[in-house]
Amino acid sequence: MTDEHLEQLEEENVLPEAHPFSGYLRTFFRGPGRSRSLTREEAFEAFSMILRDEVEPIQLGAFLLMLRYRAETPEELAGMIEAVRKAARLEPDEDGEDDALERPALDWPSYAAGRTRGLPWFVLSALLLSQNGVPILMHGYNSHLVNGVGTEAAIKALKLPIAMSAEEARSDIASKGFAYLPLRHMHPKLQELIGLRPLLGLRSPVNTLLRLLNPLQARSAFLGVFHPAFLDVHRETGRLLELPRIGVIKGGGGEAERTPYKHVDLRMLDNGELNDVRWPALLSKPAKDDEDQSPVSLKHFLGVWRGDVEDIAAEAKIKGSAAMAAFLAGKADYMDEAESLVQDWWDNRDRDVG
């Protein structure tokens with residue numbers, strides 16, 4: 001039976017009434033020459049239905065897997081992100097009454113999952129910036145780590161605030177210069193969707209869109225991805241969303257964490273303009289390539305910050321990531337300036353944490 005025949009039968013009311021979501025699936029699955037990507041508006045409506053629990057499980061699986069199979073477009077990501085912002089009430093104040101002081105200078109998402117990644121040294125990079133006048137929002141969810149410490153566990157060990165809502169995160173940033181907003185406290189459906197990975201066997205577009213969510217409209221964002229193909233997708237989506245300044249790297253375990261053993265390209269979107277900045281390697285490559293030899297324990301993690309233990313590779317990751325972040329946040333105009341600034345911050349950090 002052809003699509004034309006099905007359409008004729010639908011018009012004659014011979015077939016049962018189609019589910020409202022089925023039209024979006026037909027857009028994907030109509031076959032060679034007839035299927036297409038969703039428009040930004042269609043992606044907004046489709047993902048809004050998903051967030052409202054208005055789709056059947058089989059429809060949800062088909063939708064997520066098709067996007068994964070052919071890769072989501074920047075237009076689709078932009079539409080889905082706008083749907084999340086509206087559903088989670090993360091949109092900017094229409095009256096322009098948002099207090100700029102409550103907005104973070106830097107958005108730092110953390111959504112790496114499903115692999116061994118060791119210790120999240122980038123959390124200490126964020127702490128270093130927050131101690132030096134760069135307000136940070138970190139948000140995320142780390143699932144299915146095989147052998148590592150999740151972002152939230154590290155933040156709890158440092159006794160940094162964990163917000164129960166976006167409003168509480170704003171308050172934490174205003175008072176402490178740092179907040180962590182877990183995904184479950186932004187919108188419960190989002191955590192359910194990202195938690196489908198073991199069932200589907202693959203990541204879904206949710207993993208991508210959450211990195212670009214920028215819940216509190218920070219002036220800049222520092223993003224890490226694992227697959228290089230997604231570097232430019234993030235930038236193009238950011239441009240559609242008119243994000244002012246973002247930097248994307250292929251980071252350790254998919255996090256915004258700079259490896260010290262090789263050069264790292266910072267792919268930037270800066271007020272609509274695309275440019276790349278290559279940051280050089282900080283250390284010689286170790287015997288086992290880029291393998292992290294640090295003990296995977298919170299005691300070691302805290303010990304590096306306090307100066308109780310020496311870990312050259314860990315310090316390089318912390319300071320290297322912090323220098324990139326400071327550069328993105330506008331604290332330095334050049335790489336060497338950013339690295340010198342961060343070294344001074346590191347030497348004079350408040351070590352009394354945890």
Side-chain angles (χ1 to χ4, degrees), residues 44 47-48 50-53 77-111 120 122-123 125-127 129-143 150-195 206-223 238 241-246 256 325 328-330 353:
F44 172 86
F47 211 70
S48 294
I50 290 171
L51 293 172
R52 294 193 299 265
D53 277 325
L77 283 170
M80 290 189 288
I81 289 166
E82 288 167 331
V84 172
R85 286 179 175 173
K86 183 174 182 180
R89 299 180 181 179
L90 299 172
E91 296 173 305
D93 190 333
E94 293 181 359
D95 298 326
E97 295 178 355
D98 278 351
D99 184 352
L101 295 177
E102 294 178 357
R103 293 191 182 193
L106 190 67
D107 184 75
W108 202 320
S110 171
Y111 291 94
F122 62 92
V123 172
S125 307
L127 174 60
L129 266 69
S130 70
Q131 286 189 354
N132 289 278
V134 184
I136 302 284
L137 173 70
M138 192 165 278
H139 54 96
Y141 173 62
N142 305 129
S143 62
T151 302
E152 187 169 342
I155 288 170
K156 286 179 178 178
L158 291 165
K159 292 186 168 52
L160 295 171
I162 296 177
M164 298 294 291
S165 66
E167 292 74 19
E168 188 173 318
R170 289 187 190 278
S171 177
D172 288 337
I173 288 167
S175 62
K176 301 179 178 69
F178 178 91
Y180 178 73
L181 181 59
L183 179 61
R184 64 185 180 276
H185 295 160
M186 279 195 275
H187 195 293
K189 187 66 179 179
L190 293 171
Q191 179 135 338
E192 178 186 328
L193 291 172
I194 205 172
V206 181
N207 297 71
T208 304
L209 72 87
L210 289 173
R211 286 177 166 85
L212 285 156
L213 187 57
N214 196 356
L216 300 187
Q217 298 86 48
R219 295 183 288 277
S220 56
F222 189 20
L223 317 179
L241 293 168
E242 299 182 350
L243 300 181
R245 185 175 170 96
I246 65 174
L328 281 169
V353 297

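- From Leu213, atom CG reaches atom CG of Leu190 across 7.5 Å, with rounding to the nearest 0.5 Å.
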Exercise. Given the rule in the salt bridge (charged side-chain N to carboxylate O under 4.0 Å, His left out) test, do Lys156 and Glu152 qualify, once you have shown the distances and angles that lead to the verdict?
Worked result: CA-CA 6 Å; Lys156 286 179 178 178; Glu152 187 169 342; 3.7 Å; yes
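- When side chains are defined from C-beta on, Ser220 counts as touching Leu106, because their heavy atoms get closer than 4.5 Å.
- Side-chain contact between Val84 and Leu51 is present, with heavy atoms from C-beta onward closer than 4.5 Å.
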Exercise. Taking it one step at a time, do Glu82 and Arg85 satisfy salt bridge (charged side-chain N to carboxylate O under 4.0 Å, His left out)?
Worked result: CA-CA 5 Å; Glu82 288 167 331; Arg85 286 179 175 173; over 6 Å; no
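- Annotation for Ile155 and Pro161: closest pair CG2-O, 4.2 Å, computed over non-hydrogen atoms.
- One distance of note links CD1 of Ile81 with OG1 of Thr208; it measures 9.0 Å at 0.5 Å rounding.
- Listed by chain and number, the residues in a side-chain hydrogen bond (donor to acceptor under 3.5 Å, both in side chains) with Arg89 amount to none (sequence neighbours excluded).
- Counting all heavy atoms, side chain and backbone alike, Ala166 lies closest to Leu90 at CB-CD2, 3.8 Å.
- Side-chain contact between Phe122 and Thr151 is present, with at least one heavy-atom pair separated by less than 4.5 Å.
- Remark: His185 NE2 to Tyr180 OH distance equals 10.0 Å, nearest 0.5 Å.
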Problem set entry | Verdict with supporting geometry, Leu241 and Leu77, side-chain contact (heavy atoms from CB on, under 4.5 Å) | CA-CA 10 Å; Leu241 293 168; Leu77 283 170; over 6 Å; no
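- A distance of 9.5 Å separates CG of Leu181 from CZ of Arg184, quoted to the nearest 0.5 Å.
- Between Phe47 and Leu209 the shortest side-chain heavy-atom distance falls below 4.5 Å.
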Problem set entry | Test log, rule side-chain contact (heavy atoms from CB on, under 4.5 Å), inputs Met138 and Leu160 | CA-CA 11 Å; Met138 192 165 278; Leu160 295 171; over 6 Å; no
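- Nearest heavy-atom pair across Asp172 and Ala179 is CB-CB, 3.7 Å.
- Inter-residue side-chain proximity for Arg170 and Glu167 is flagged as unmet; no heavy-atom pair is nearer than 4.5 Å.
- Ala221 and Leu328 get closest at one heavy-atom pair: O-CD1, 3.8 Å.
- Of the possible polar contacts, one joining the Gln217 side chain to the Pro215 backbone as a donor-acceptor pair under 3.5 Å is found.
- Atoms OH and CG, from Tyr111 and Leu223 in turn, are 11.0 Å apart once rounded to the nearest 0.5 Å.
- Counting heavy-atom neighbours within 6.0 Å of Lys176 NZ, excluding the residue itself, gives a total above 12.
- Considering only heavy atoms from C-beta on, Phe178 stays 4.5 Å or farther from Leu127 through its side chain.
- The nearest pair of heavy atoms linking Gly177 to Ser130 is O-CB, 3.3 Å.
- Minimum heavy-atom separation, Gly150 to Pro120: O-CG, 4.1 Å.
- To the nearest 0.5 Å, atoms CD1 (Ile136) and CG (Asp107) are separated by 9.0 Å.
- When side chains are defined from C-beta on, His139 counts as touching Pro109, because their heavy atoms get closer than 4.5 Å.
- The side-chain contact (heavy atoms from CB on, under 4.5 Å) test with Leu183 singles out one residue from Val206, Leu193, Leu210, and that residue is Leu210.
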